[in-house]
Amino acid sequence: MTKAIGRRRPDTYIRMSDAGYDHAAVERRWQEAWDDEDAYRTPDDVEDPTYVLGMYPYPSGKLHMGHVRNYTITDAYARFRRMQGDEVLHPMGWDAFGLPAENAAKERDTNPRDWTFDCIDTMTDQMESMGFGYDWDREIATCTPEYYQWNQWLFSRFHEEGLVERRDAEVNWCEDCGTVLADEQVEGEDELCWRCGMPVEQRELEQWFLRITEYADELLEDIDDLEGWPNSVRQMQRNWIGRQFGTELEFQVAGHGSVEAFTTRVDTIHGATFFALAPDHPISEELAEADDDVHRFVEHEADPEGDEPNGVATDLTATNPVTGEEIPVYVADFVLSDVGTGALMAVPGHDERDHAFATKMDEEIKPVIAPKPDDWDGETVPDAPDVSEEAFTDDGVLVNSGEYSGLESETARERLTADIDSAAESTQYQLRDWGISRQRYWGTPIPVVHCHDDCGAVMVPEEDLPVELPEFINTTGNPLDEAEEWKRTTCPDCGGDATRETDTMDTFVDSSWYFLRYVSPDADDVPFDLERANDWMPVDQYVGGIEHAVMHLLYSRFFTKVLADYEGLEHREPFENLLAQGMVQLEGEKMSKSKGNTVSPQRIVEEYGADTARLFMMQAAQPERDFDWSEEGVRSTYAFLSRLQEMVDGYVSDDPEGEDDAIASYVDAEIDATIAIASGEYDELTFNRALRETQDLTRTLRQYADYAEPHAETYERGLSAVVRLLAPVAPHLAEELWHELGYDGFVVDAEWPTAQVDRDYVAKRRRLVQNTREDIRDIVEVAGIEDPEAIDVVVAPDWTYDALEIAIESDADNLIGELMQESHIREQGDAAASYGQDLQAEREALSMTLGPDDEHAALESAAWLIEREFDAPVSVVHAEEADDSVLTNAEPGRPAIEIED
RNA sequence: GCGAGGGUAGCCAAGCGGCCAACGGCGGCGGACUCAAGAUCCGCUCCCGUAGGGGUUCGUGGGUUCGAUUCCCUCCCCUCGCACCA
């Protein structure tokens, strides 16, 4: 099969098979051909295409293996759906705003725009060299005014609907650089600026917020319906939103009026023995001015990060609204100002953290909830538990709680919330409003001007959009602050002097709706064509990294819901099915530049070709699992493709003239089997299994051609099936071979092969053949047969199949009696009785096999495999042609075997 | 601590009530081809067995079932996410 390509040199050999096929030429040829024909264009008038999308990349300048995996998955799936006859939308674009471009521009003394577009150019080339079939006419780059004007427009619309707010927020501030830093740019425990190394401080700045909390309930509740999403992601979003039902109520603090506290356990209120305030609670700050101890604690000792609960006593007392008791007030660092109300009633008997603090401060620990007794009558007040060593935190029955004693926790909560004047049911969320202000240049300018008179912050009117970025200025702080001319403007309301807002938007704004822009990327009067979006959305299959489980995916869901409420979008969820793809690792470790253990896709493409890289990745593991990159695996994948090429070459150059015999029918059945299985696996995105089947079929075809002169039609059917089954993953070589096999048009447009058989039938047939072969091997081995002369395979008699069927369907106690009612079974005498006993013994475990004729046919067509292996003639016979003595071992699914030596 | 997902033969890894001594790959062993090597192909790879048999296995210990790798509970370990969350 192999052809010598190399010349023999004096003292080296060229490894023949390693020469492989000319992947570079093949890939270039088909990339050009696709390009010439606009093969991946999705016209605007298609109806409800299958929308397949990979998370668009940040244009860092180089495609890495993670990208390659991500986009190979979407590309393979898109191609598969297309070959199945779907219209497909498979676009690509660039998450082109962001800090790295700004930093790169500063370092290289260029500007972010040029740098970004350079990166986009190289990455586009790399994507094309991977053979990804994108509709490049729909390409978007978020850093163009054509795109970001719609961020601004959406911001205004959100504002009109009351979903934008401007308020103070704490940010990381580096005085030296004069800028705000993202959390990840603050380094180490000392909180130093990543750039200048100076300490970072917290500063209150006016920031713009999108009120995502307005949608908290819907975002949470709709997670239940996202059945096409991985559980892990759904759970992470639930946690992130963090909804809690509880009670808000007031404690009177002497001299400070009423203080609001939130609790989920108002049933424990009789056990509240102290009250605690966050160090940055307004009362704490007030106290700190007068009380040295509090001052010292708030400024120096409080350590919210530490494990140990610390606090300081105050002179104040709070009044328990139920008992009227005066309890001491502490300022404590385990109370967080952004959780609940920043103030809490502490119940050490029933909360672990309160317990620890009470023990430390020697405060009273009082049991007010007892575990519900197993035999509880619903009235009697149980004995109070001992909570001196450990808090009892479960729900139970109230004790030591006056008139509420004897109630269950749940009931008590409802009653107390109703009875206490200042109390009301309250729902708390962990989700905060989304602060989108970034003190950066390379982002969407927030379309607001600040009036020098009294108009305040005023939206830039729609007709004045976009607010375009001015030229980049290389400076330490925010370049927009230095863009004096750009900043100077007039107030849209009063016409007076005004200054532009210099904050830009978080780039997650860009990515929260980009999937809608692909629908109509050139629309210049709307962000997206509504009618088409309603038809084309949602994204049918979204693929990307797990790192976006919360932020990007939550923000996109939020935007989609807002657009549904105010812009007529008829979908409330953007992504129907989500696949979080696994990592590409090297020796069990994540590839990373800093560790220096990366594998360059470009090198792999040069050495082995894009098809090899893609095929290796897709067959190595299920898409959601991590897997190890292996050069060994890549080489063997490449060898596989080379061999396939040789097989097709061989077939085309000399037409085989074999018979349509039993072997051909075996091969034919295997072709059907492979198609049936691989199609199902492609549908489930388990490419690894689909490809394993496809490679198995390729091997079967080779074995066939090695063993016999193949029947041309069968062999060709096999090759053309393999080529098409491989086409989604190895598109270039598939085009090449498709063409070589004599088909017109692209394989991307070819019809997916079809098979008549179902998977269950296939599985039964394969199992029969495999079991039979194994049995023969066992016998030969155990009996020590050196050199078999002849092998007989005898299918069980027809009546055994009938008996099996009766046994499966029967629910009679006495199966043998039931069997014997059939005269043709009864006639078998002892044999029937004996088989009947076997059936009776395994009654519950029986399952239907193929029928006797199907079994015969399956074995006959597989006989060549046995002949080839044992080098002995094999005859497959029906029971009636065999001697009775041979038949004793024959059962449905298990033929009798007779070996002559 | 809470939540999610896992723990399967030397390694990686499928299976998720009977077809399971358990798919597939790697590694190892033997064979075919070759002058040879590589590549390719065919077997074997828990233990015992001279006709397809038997025994012990799927983190641990229990349970449900005629029957469990598969279902339920306990505990141990791993990975990920959240977390002094009131």
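Please read these numbers as outputs of a predicted model, since none were measured by experiment. Letters A, B, ... mirror the listed sequences (proteins, then strands); counts begin at 1.
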Toward the 5' end of RNA chain B, which comes first, Asn231(A) or Gln430(A), by nearest nucleotide?
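Upstream on the strand: Asn231(A).
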
Pick the closest RNA chain B nucleotide for Arg894(A) and for Ser636(A) by heavy atoms, then say which residue is nearer the 5' end.
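Residue closer to the 5' terminus by nearest nucleotide: Ser636(A).
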
The side chain of [X] is closest to which nucleotide in this list: [options]?
| X | options | value |
| --- | --- | --- |
| Arg353(A) | C84(B), G52(B), A4(B) | C84(B) |
| Val782(A) | G49(B), G43(B), G52(B) | G49(B) |
| Ile779(A) | A86(B), C42(B), G52(B) | G52(B) |
| Gln622(A) | G52(B), A4(B), A14(B) | A14(B) |
| Arg643(A) | G43(B), C84(B), U40(B) | U40(B) |

Could you work out the separation of [N] and [M] based on their [atom1] atoms and round it to a whole Å?
| N | M | atom1 | value |
| --- | --- | --- | --- |
| G28(B) | C76(B) | C1' | 33 Å |
| A14(B) | U65(B) | P | 32 Å |
| C85(B) | U79(B) | P | 23 Å |
| C23(B) | A9(B) | C1' | 14 Å |
| U56(B) | C73(B) | C1' | 26 Å |
| C16(B) | G7(B) | C1' | 14 Å |
| A4(B) | U74(B) | P | 13 Å |
| G3(B) | A13(B) | C1' | 27 Å |

Supply the atom-to-atom distance [X] [atom1] to [Y] [atom2], rounded to the nearest 0.5 angstrom.
| X | Y | atom1 | atom2 | value |
| --- | --- | --- | --- | --- |
| Arg689(A) | Ile677(A) | CZ | CD1 | 11.0 Å |
| Ser636(A) | Gln695(A) | OG | CD | 7.5 Å |
| Thr698(A) | Glu693(A) | OG1 | CD | 10.5 Å |

Rounded distance (Å) that lies between atom [atom2] of [N] and atom [atom1] of [X]:
| X | N | atom1 | atom2 | answer |
| --- | --- | --- | --- | --- |
| Arg702(A) | U40(B) | CZ | P | 9 Å |
| Phe274(A) | A86(B) | CZ | P | 15 Å |
| Arg767(A) | G15(B) | CZ | P | 16 Å |
| Phe640(A) | G25(B) | CZ | C1' | 15 Å |
| Asn688(A) | G25(B) | CG | C1' | 11 Å |
| Asp792(A) | A51(B) | CG | P | 19 Å |
| Phe275(A) | A86(B) | CZ | C1' | 11 Å |
| Met236(A) | G5(B) | CE | C1' | 12 Å |

Categorize [X] for me: base, sugar-phosphate, or nothing, with a 4.0 angstrom heavy-atom threshold over every strand shown.
| X | answer |
| --- | --- |
| Leu846(A) | nothing |
| Pro788(A) | nothing |
| Arg243(A) | nothing |
| Asp333(A) | base |
| Asp303(A) | base |
| Ser847(A) | nothing |
| Glu898(A) | base |
| Val335(A) | base |

For [X] and [N], is the shortest distance between a side-chain N/O and OP1 or OP2 below 4.0 Å?
| X | N | answer |
| --- | --- | --- |
| Arg699(A) | U40(B) | no |
| Arg689(A) | G15(B) | yes |
| Arg777(A) | G43(B) | yes |
| Gln244(A) | A86(B) | yes |

Base-pairing mate for [N] - Watson-Crick or G-U, with both contacts under 3.5 Å:
| N | answer |
| --- | --- |
| G30(B) | C42(B) |
| C23(B) | none |
| A36(B) | none |
| G61(B) | C73(B) |
| G3(B) | C80(B) |

Does the plane of the ring in [X] sit parallel, tilted or perpendicular to the ring in [Y]? Use 30° and 60° as the thresholds.
| X | Y | answer |
| --- | --- | --- |
| Trp864(A) | Tyr707(A) | tilted |
| Phe251(A) | Phe275(A) | tilted |
| Phe357(A) | Phe274(A) | tilted |

Any donor-acceptor pair under 3.5 Å between the side chain of Asp778(A) and the base of G52(B)?
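Side chain to base: no pair present.
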
Taking atom types as they are modelled, would you say the side chain of Arg692(A) forms a donor-acceptor pair with the base of C23(B) within the 3.5 Å cutoff?
yes

Go through the side-chain N and O atoms of Glu681(A) and Thr686(A) and say whether any donor and acceptor fall under 3.5 Å apart.
yes

Gln703(A) versus Arg868(A): any side-chain heavy-atom pair under 4.5 Å?
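Gln703(A) vs Arg868(A): side chains touch.
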
Salt bridge between Arg773(A) and Asp778(A), side-chain N to carboxylate O under 4.0 Å?
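Salt bridge: no.
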
